[in-house]
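Input: a single structure, listed below in structure tokens.
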Protein chains: 2
Amino acid sequence: MAKTSQAAGLHRASLDKLHDLDAALELMYYGWRGMTLEADAYLAKQGLSRPHHRILYVVARRPDIAIGSLLEVLGISKQALNRPLNLLLERKFVTSRRSPEQHRSKLLRLTAAGQRIEQRASDHERNVMRQAFDRAGASSAAAWMAVMEAIADHN
Amino acid sequence: MAKTSQAAGLHRASLDKLHDLDAALELMYYGWRGMTLEADAYLAKQGLSRPHHRILYVVARRPDIAIGSLLEVLGISKQALNRPLNLLLERKFVTSRRSPEQHRSKLLRLTAAGQRIEQRASDHERNVMRQAFDRAGASSAAAWMAVMEAIADHN
DNA sequence: AATCTCAAGTCAATATAGTTGACATGAGGA
DNA sequence: TCCTCATGTCAACTATATTGACTTGAGATT
């Protein structure tokens with residue numbers, strides 16, 4: 001293994017399993033990584049990262065969302081939103097305008113360029129999912145969704 | 001919504017679906033969150049966080065692992081490992097000793113206290129998985145594993 | 001008009017998790 | 001003695017987040 005990077009690329013390690021469900025924990029970890037890897041690489045090429053993508057993703061699916069609602073959906077503080085959102089506004093991936101009736105809030109929308117970035121980044125993730133679903137079959141895909149829903153809605 | 005925290009708790013948002021697989025992307029996101037939420041809360045109570053847990057998890061499953069191998073498995077730089085590992089050594093959750101033959105490398109092991117922390121943190125994650133598998137059924141659990149493997153091993 | 005409320009924006013300080021680069025230490029092998 | 005190699009450490013930097021305190025600007029209320 002030549003002289004690549006000090007931080008090696010993290011290829012699924014084979015660890016002893018102490019418990020029945022250890023394999024499931026590890027699959028969740030490496031699955032998350034596997035789904036986001038290419039999208040993150042694409043975003044990095046654009047000078048963006050995952051927080052930017054999350055903003056683009058949500059605004060794409062909720063045009064005219066107000067900043068306050070966006071904060072709620074993302075689950076972060078407005079100070080944390082500030083930097084990435086301003087970058088997206090500066091680079092004209094997102095526009096903001098005041099609401100006609102509710103002049104207090106600002107409504108966010110993607111520009112055409114913003115839509116393109118969002119689509120390409122999400123496409124990387126969707127392609128990973130599509131290939132995995134294709135390999136495992138449609139009924140497995142449905143089962144995967146059911147299990148993930150149970151995990152997401154835990155408690 | 002009273003005056004809780006500026007960063008609200010992030011409850012699965014209902015976003016419009018622009019693509020077929022958008023639901024899958026969101027499930028991966030919220031699933032990852034759902035699995036790690038309680039474990040992270042437990043670790044925070046112990047003054048630890050996810051990197052510490054990852055170290056404990058790996059060392060538990062590879063007793064006498066050398067630092068260099070640990071770096072490889074974790075996929076981070078030795079400088080990034082330094083702080084969390086030193087904390088674990090200070091707090092006597094991990095011990096290091098020199099190898100009898102290979103005096104160059106240090107071998108890491110969990111103490112009893114370290115094993116307890118690792119087990120409890122991982123238990124939180126395993127419990128989430130167990131409940132989800134129970135709800136979805138054994139064949140769905142197997143399908144979930146197959147899909148996650150395909151995602152993790154993507155290219 | 002003066003004041004209150006509320007969404008948004010901003011500034012400062014802090015924590016965490018990581019990076020690269022440079023260099024020191026200590027043990028074995030040539 | 002000198003070289004290699006695993007480990008350790010220092011410094012500087014980046015990114016992503018937090019809390020707290022405050023300002024701004026628009027509407028609503030008295």
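Residue numbering restarts at 1 for every chain, and letters A, B, ... go by the order of the sequence lines.
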Would you tabulate the nitrogen or oxygen pairs shorter than 3.5 Å linking the protein to nucleotides 7-11 of chain D?
unit_1	atom_1	unit_2	atom_2	d
D:dT7	OP1	B:I67	N	3.2
D:dT7	OP2	B:G68	N	2.7
D:dG8	OP1	B:K106	NZ	2.4
D:dG8	N7	B:K78	NZ	3.4
D:dG8	O6	B:K78	NZ	2.3

Quiz item: Should the ring pair A:W144 and A:F133 be called parallel, tilted or perpendicular, given that the plane angle runs from 0 to 90° and is split at 30 and 60?
Solution: perpendicular

Quiz prompt | Between P of C:dA7 and CG of A:L70, the distance in whole Å | solution = 15 Å

Exercise. Figure out the CG/C1' separation between B:L48 and C:dA17, and round it to whole Å.
Key: 15 Å

Exercise. Mind checking ring-ring contact (aromatic ring centres under 6.0 Å, His included) for B:H154 and listing every partner two or more places apart, or none if nothing turns up?
Key: none

Quiz item: Between B:S49 and C:dA17, is there a side-chain N or O to OP1/OP2 distance below 4.0 Å?
Solution: yes

Quiz item: Between B:N127 (side chain) and B:D123 (backbone), is there a donor-acceptor pair under 3.5 Å?
Solution: yes

Self-check item: Nucleotide C:dT19, atom C1' - distance to CZ of B:R83 in whole Å
Solution: 13 Å

Quiz prompt | Charged N-O contact under 4.0 Å between B:R135 and A:E149 | solution = no

Quiz prompt | Interatomic distance, B:L88 CG vs C:dT16 P [rounded to whole Å] | solution = 14 Å

Quiz item: Would you say B:R54 reaches C:dG18's phosphate, i.e. side-chain N/O to OP1/OP2 under 4.0 Å?
Solution: yes

Exercise. Measure from CG on B:L81 to C1' on C:dT20 and round the result to the nearest Å.
Key: 16 Å

Self-check item: Gap between atoms NE2 and C1', on B:H52 and C:dA15 respectively (whole Å)
Solution: 12 Å

Self-check item: Atom-to-atom span, CG of B:L43 to C1' of C:dT16 - whole angstrom
Solution: 14 Å

With a cut-off of 3.5 Å and sequence neighbours excluded, list every side-chain donor-acceptor pair involving residues 43-52 of chain A.
unit_1	atom_1	unit_2	atom_2	d
A:S49	OG	A:H52	ND1	3.3
A:R50	NE	A:D40	OD1	3.4
A:R50	NE	A:D40	OD2	3.2
A:R50	NH2	A:D40	OD2	2.5
A:H52	ND1	A:S49	N	2.8

Exercise. Take atom CZ of B:R33 and atom C1' of D:dA17, then tell me their distance rounded to the nearest Å.
Key: 11 Å

Quiz item: Hey, are A:D16 and B:R62 close enough for a salt bridge, meaning a charged N less than 4.0 Å from a carboxylate O?
Solution: no

Quiz prompt | Below 4.0 Å: OP1/OP2 of D:dT18 and any side-chain N or O of A:S77 | solution = yes

Quiz item: For the side chain of B:R116 and the backbone of B:A112, is there at least one donor-acceptor N/O pair under 3.5 Å apart?
Solution: no

